[in-house]
*Asks:* 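Following this message is one structure expressed as structure tokens.
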2 protein chains.
Amino acid sequence: MANIREVAKQAGVSVATVSRVLNHPESVSATTMELVLATMEKMQYTPNGFARSLALNRSSTIALLIPNILNPLYPQIAKGVEDVAHQKGYNILLCNTEENKEKERDYLDMLIEKRVGGFILTSSQLENKDLQKIKNQNVPFVMVGRNIEDIDANMVFTDYYMGAYQITQHLIEVGYSKIAHITGSLNQIENLEKRRGYEKALEEAGISLQSQYIVEGNNEIEGGYLGAKKLLKSKEKPQAIFAANDLMAIGAIDAIKSSGLHIPEDVAIVGFDDITMAALIEPKLTTISQPVYKMGLIAARLLFESIENGQQEDGFQQKIFLQPKLKVRKSCGHENRVREIFN
Amino acid sequence: MANIREVAKQAGVSVATVSRVLNHPESVSATTMELVLATMEKMQYTPNGFARSLALNRSSTIALLIPNILNPLYPQIAKGVEDVAHQKGYNILLCNTEENKEKERDYLDMLIEKRVGGFILTSSQLENKDLQKIKNQNVPFVMVGRNIEDIDANMVFTDYYMGAYQITQHLIEVGYSKIAHITGSLNQIENLEKRRGYEKALEEAGISLQSQYIVEGNNEIEGGYLGAKKLLKSKEKPQAIFAANDLMAIGAIDAIKSSGLHIPEDVAIVGFDDITMAALIEPKLTTISQPVYKMGLIAARLLFESIENGQQEDGFQQKIFLQPKLKVRKSCGHENRVREIFN
DNA sequence: AAGTAATATGTAATGGGTTACATCAGGGGG
DNA sequence: CCCCCTGATGTAACCCATTACATATTACTT
């Protein structure tokens with residue numbers, strides 16, 4: 001593969017001139033320009049990105065860490081990030097951490113070594129000392145979907161606590177009192193937040209918590225399925241189930257249907273996330289919508305702001321707080337109950 | 001950020017020794033080893049990936065190009081690729097081409113410049129001259145999901161023609177004759193293949209093609225929705241619809257239901273891909289399953305084989321052909337019809 | 001015609017690693 | 001006691017681009 005020196009020699013100019021053709025075309029005469037471009041074309045020259053990055057000390061690559069690419073939530077975030085990154089001429093290194101803290105750390109080290117321009121960490125499980133490592137290397141990063149109090153970092157997230165509180169409250173308003181919760185992986189802080197919201201709503205309504213009504217899922221369809229099966233076996237079957245994400249809600253719906261029960265008549269079910277499928281399954285799923293695509297966009301914009309202005313000093317970091325929104329559909333039985341009330 | 005020279009000076013050794021600690025630990029004495037590692041730790045030294053890649057002329061990064069990350073098919077492929085790549089210590093550059101040939105080309109150029117170790121191109125729209133460009137740069141690549149005859153390249157794909165043929169034939173066997181087809185984007189070769197399979201099955205059954213029964217979709221839910229709406233308006237409503245992918249089938253189901261019709265009694269519907277949702281929507285979708293995760297795995301393995309053995313000579317390339325599989329569920333009305341036949 | 005500014009181009013240092021080759025110290029053999 | 005081999009380490013060239021600074025050329029002033 002030809003390099004800049006060979007091109008220069010072939011074209012009878014210096015390497016500086018060749019480099020200028022690519023980087024500062026305005027400073028090269030028209031004839032030289034043409035000659036060099038023709039030579040490049042002829043020799044199939046492609047500048048070496050490593051050498052360029054080394055010389056410039058920047059990379060036009062950012063990293064996106066997500067816990068599970070198979071959860072449709074994350075491709076949406078990725079899309080938001082990609083849209084911004086591509087427009088800026090950046091590429092994205094995709095890292096699927098599988099909700100595994102060790103894998104996430106491994107990736108972190110690889111990426112720091114690769115000198116990525118910045119990180120977007122979604123639902124990260126990293127600890128402060130890991131984040132501090134990134135800060136020490138002075139690489140900008142943005143946290144998505146997780147709020148950490150004790151480190152100064154760019155963040156964009158929705159209020160999981162509030163979302164969970166709202167949807168649980170909605171179930172209570174509709175008339176249920178035996179409300180179960182299938183949690184997400186409890187090593188993710190956001191799932192603890194959701195559980196807290198659920199508990200708060202029950203508490204405020206004077207409904208006492210029942211430990212057998214809280215089961216831990218794994219954020220995936222299967223976890224919802226198993227969780228629901230387990231709940232249906234409890235001696236007092238719950239009237240409604242709040243799954244900590246839509247994927248689990250879908251699994252739960254499958255479990256309930258396959259037990260011959262009807263939704264929402266026998267058991268109501270609600271989710272969290274509002275993935276595309278939520279509005280398409282039967283019954284349509286009541287859920288909490290978070291503007292995920294937008295979160296990706298915003299996260300990427302924040303990141304590029306840091307990259308471009310290099311302002312990593314503490315206090316300049318932004319925390320962007322988006323409001324979740326309740327989407328009432330059929331699965332929670334809202335309409336039926338309302339009808340009962342009116343009749 | 002400290003560099004290798006500073007570490008060497010601080011530790012009182014040469015840069016070669018520091019480098020050896022990282023790359024050839026067996027050739028360094030235990031005491032020196034310890035000293036150097038401690039110094040690195042103290043100085044928070046992280047080797048510069050650019051410099052290393054430049055010196056070694058390789059990058060431990062591969063690129064994955066996909067047409068649409070929001071289509072759940074592609075995250076599955078990505079997962080397969082990622083699983084292999086991570087095991088090999090590689091990172092993945094994710095490029096979402098949005099089914100846009102220009103964007104795909106742009107990415108190609110960026111990636112060649114970045115000196116990625118290889119490409120995985122899924123449902124690529126690139127032309128031979130583009131692929132030739134990659135070959136000229138001697139970068140290994142694997143095509144996924146698309147069969148190109150006239151270039152010698154690693155490929156892994158399922159037989160779209162056969163899959164479409166099978167599922168159309170199945171609809172015919174069940175008893176339908178007015179069978180419509182919502183195609184995928186017709187600038188993707190695989191969708192032409194699918195249409196060809198559909199036409200072949202009809203032709204063999206002696207059913208004449210009706211142009212109003214073929215509408216072009218866009219591979220997305222929305223395209224299926226619009227396509228179905230259009231088909232339902234035709235003067236002779238089709239009895240069955242074959243959507244070229246599950247996403248469009250799901251959109252079509254939504255359209256049919258919202259028109260107050262029943263599936264499969266009024267209109268049967270089948271898809272292609274067997275995404276997770278296919279088995280979860282109501283009615284469960286009859287579709288063609290392709291082993292996507294496995295395709296990702298295989299593609300990645302092929303790619304690493306090329307990367308490691310460097311064998312880019314023509315004739316060494318493999319074409320791996322996977323068989324699609326018909327999954328009969330409820331949406332095609334198979335069971336009902338069978339019952340009719342037996343009664 | 002000399003001086004100066006503007007334009008175009010070249011030279012060489014620089015970025016931070018890797019590694020072939022050179023060197024040196026210590027152990028073993030004779 | 002000397003030589004050779006081995007293992008450990010150092011020196012310096014190399015990977016390939018970018019760019020500050022130096023130089024050369026042309027054009028314009030007065």
Side-chain angles (χ1 to χ4, degrees), chain A residues 1-37 39-40 43-61 89 109-117 137-139, chain B residues 1-37 39-40 43-61 109-110 112-117 137-139:
Chain A
M1 231 183 280
N3 66 28
I4 199 171
R5 258 156 268 266
E6 298 175 56
V7 173
K9 184 191 278 185
Q10 180 80 25
V13 298
S14 74
V15 294
T17 301
V18 177
S19 175
R20 276 188 282 251
V21 165
L22 293 168
N23 301 294
H24 309 281
E26 74 288 353
S27 72
V28 181
S29 75
T31 42
T32 311
M33 183 86 183
E34 205 173 328
L35 168 68
V36 172
L37 285 175
T39 312
M40 284 178 174
M43 301 180 75
Q44 298 206 56
Y45 169 70
T46 313
N48 183 313
F50 300 140
R52 163 176 271 180
S53 291
L54 178 57
L56 295 175
N57 193 32
R58 63 189 165 73
S59 73
S60 72
T61 302
D109 289 334
M110 290 176 78
L111 295 166
I112 289 178
E113 177 158 341
K114 284 228 164 87
R115 299 293 196 267
V116 295
Q137 301 282 345
N138 210 36
V139 189
Chain B
M1 232 182 281
N3 66 27
I4 198 172
R5 263 157 261 265
E6 299 175 56
V7 174
K9 183 190 279 183
Q10 180 79 26
V13 298
S14 73
V15 294
T17 300
V18 177
S19 176
R20 275 189 283 251
V21 166
L22 293 169
N23 301 296
H24 309 280
E26 74 288 354
S27 71
V28 180
S29 76
T31 41
T32 311
M33 184 85 182
E34 204 173 328
L35 167 68
V36 172
L37 285 176
T39 312
M40 285 180 173
M43 302 180 74
Q44 299 206 53
Y45 169 71
T46 314
N48 183 313
F50 301 141
R52 163 177 270 183
S53 291
L54 179 58
L56 295 175
N57 194 34
R58 66 191 161 72
S59 71
S60 72
T61 302
D109 289 333
M110 290 176 80
I112 290 177
E113 178 159 341
K114 285 228 163 88
R115 298 294 195 267
V116 294
Q137 302 281 346
N138 210 38
V139 189

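Numbered from 1 within each chain, the chains take letters A, B, ... in sequence-line order.
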*Asks:* Under 4.0 Å, heavy atoms only, any strand: does A:N3 hit a base, just the sugar-phosphate, or nothing?
*Replies:* sugar-phosphate
*Asks:* So, OP1 or OP2 of D:dC16: does either fall under 4.0 Å of a side-chain N or O from A:N48?
*Replies:* no
*Asks:* Counting the atoms with a prime plus P, OP1 and OP2 as sugar-phosphate, which does A:T32 contact under 4.0 Å by heavy atoms, base, sugar-phosphate, or nothing?
*Replies:* sugar-phosphate
*Asks:* When you measure from the side chain of B:R115 to the backbone N and O of A:P47, does any donor-acceptor pair fall under 3.5 Å?
*Replies:* yes
*Asks:* Nearest-Å distance, CD1 (A:I4) to P (D:dC15)?
*Replies:* 14 Å
*Asks:* Quick one, B:K114 and B:T61 - any side-chain contact, counting heavy atoms below 4.5 Å?
*Replies:* no
*Asks:* Through what angle, rounded to 10 degrees, does the axis of the helix from C:dA1-D:dT30 to C:dG30-D:dC1 turn between its ends, using five pairs per end?
*Replies:* 50°
*Asks:* With heavy-atom distances below 4.5 Å as the criterion, would you say the side chains of B:V28 and B:H24 are in contact?
*Replies:* no
*Asks:* Please find the pair of heavy atoms, one from A:G117 and one from A:S59, that lie closest to each other, and give the distance.
*Replies:* N-OG, 3.5 Å
*Asks:* Contact between B:R20 and B:T32 at the side-chain level, heavy atoms closer than 4.5 Å - yes or no?
*Replies:* no
*Asks:* Looking at side-chain heavy atoms only, is the closest gap between A:L35 and A:T39 below 4.5 Å?
*Replies:* yes
*Asks:* Does A:P47 or B:M33 map to a spot on DNA chain D nearer the 5' end, using the closest nucleotide for each?
*Replies:* B:M33
*Asks:* Would you name the heavy atoms of A:G89 and A:S60 that are closest together and state the gap between them?
*Replies:* O-CB, 3.9 Å
*Asks:* Nearest to the side chain of B:L54 - D:dC16, D:dA17, D:dT9?
*Replies:* D:dC16
*Asks:* Which value, rounded to the nearest 0.5 Å, describes the distance between A:I112 atom CD1 and B:Q44 atom CD?
*Replies:* 9.5 Å
*Asks:* List in numerical order all residues of residues 7-22 of chain B for which some heavy atom is under 4.0 Å away from an atom belonging to DNA chain C.
*Replies:* B:A16, B:S19
*Asks:* Give the residues of residues 23-30 of chain A touching DNA chain D, defined as any heavy atom closer than 4.0 Å, sorted by residue number.
*Replies:* A:N23, A:H24
*Asks:* List, one per line, each side-chain donor-acceptor pair under 3.5 Å for residues 48-56 of chain B, sequence neighbours excluded.
*Replies:*
from  : atom 1 : to     : atom 2 : distance (Å)
B:N48 : OD1    : B:F50  : N      : 2.8
B:N48 : OD1    : B:A51  : N      : 3.2
B:R52 : NH1    : A:E113 : OE2    : 2.8
B:R52 : NH2    : B:N23  : OD1    : 2.8
B:S53 : OG     : B:G49  : O      : 3.0
B:S53 : OG     : B:R58  : O      : 3.2

*Asks:* Can you name the nearest heavy-atom pair linking B:M1 to B:E6, along with the distance?
*Replies:* O-OE2, 4.2 Å
*Asks:* Heavy atoms only: give me the nearest B:V7-B:M43 pair and the separation to one decimal.
*Replies:* CA-SD, 3.8 Å
*Asks:* Grab the CG-C1' distance between B:N57 and D:dC16 for me, whole Å please.
*Replies:* 10 Å
*Asks:* Along DNA chain C, 5' to 3', what are the outermost nucleotides having an atom less than 4.0 Å from a heavy atom of chain B?
*Replies:* C:dG16 to C:dT19
*Asks:* Sequence neighbours excluded, which residues qualify as salt bridge (Lys or Arg N to Asp or Glu O under 4.0 Å) partners of B:E34?
*Replies:* none
*Asks:* Looking only at heavy atoms, which two atoms of B:I4 and B:V15 are closest? And how far apart?
*Replies:* CD1-O, 3.7 Å
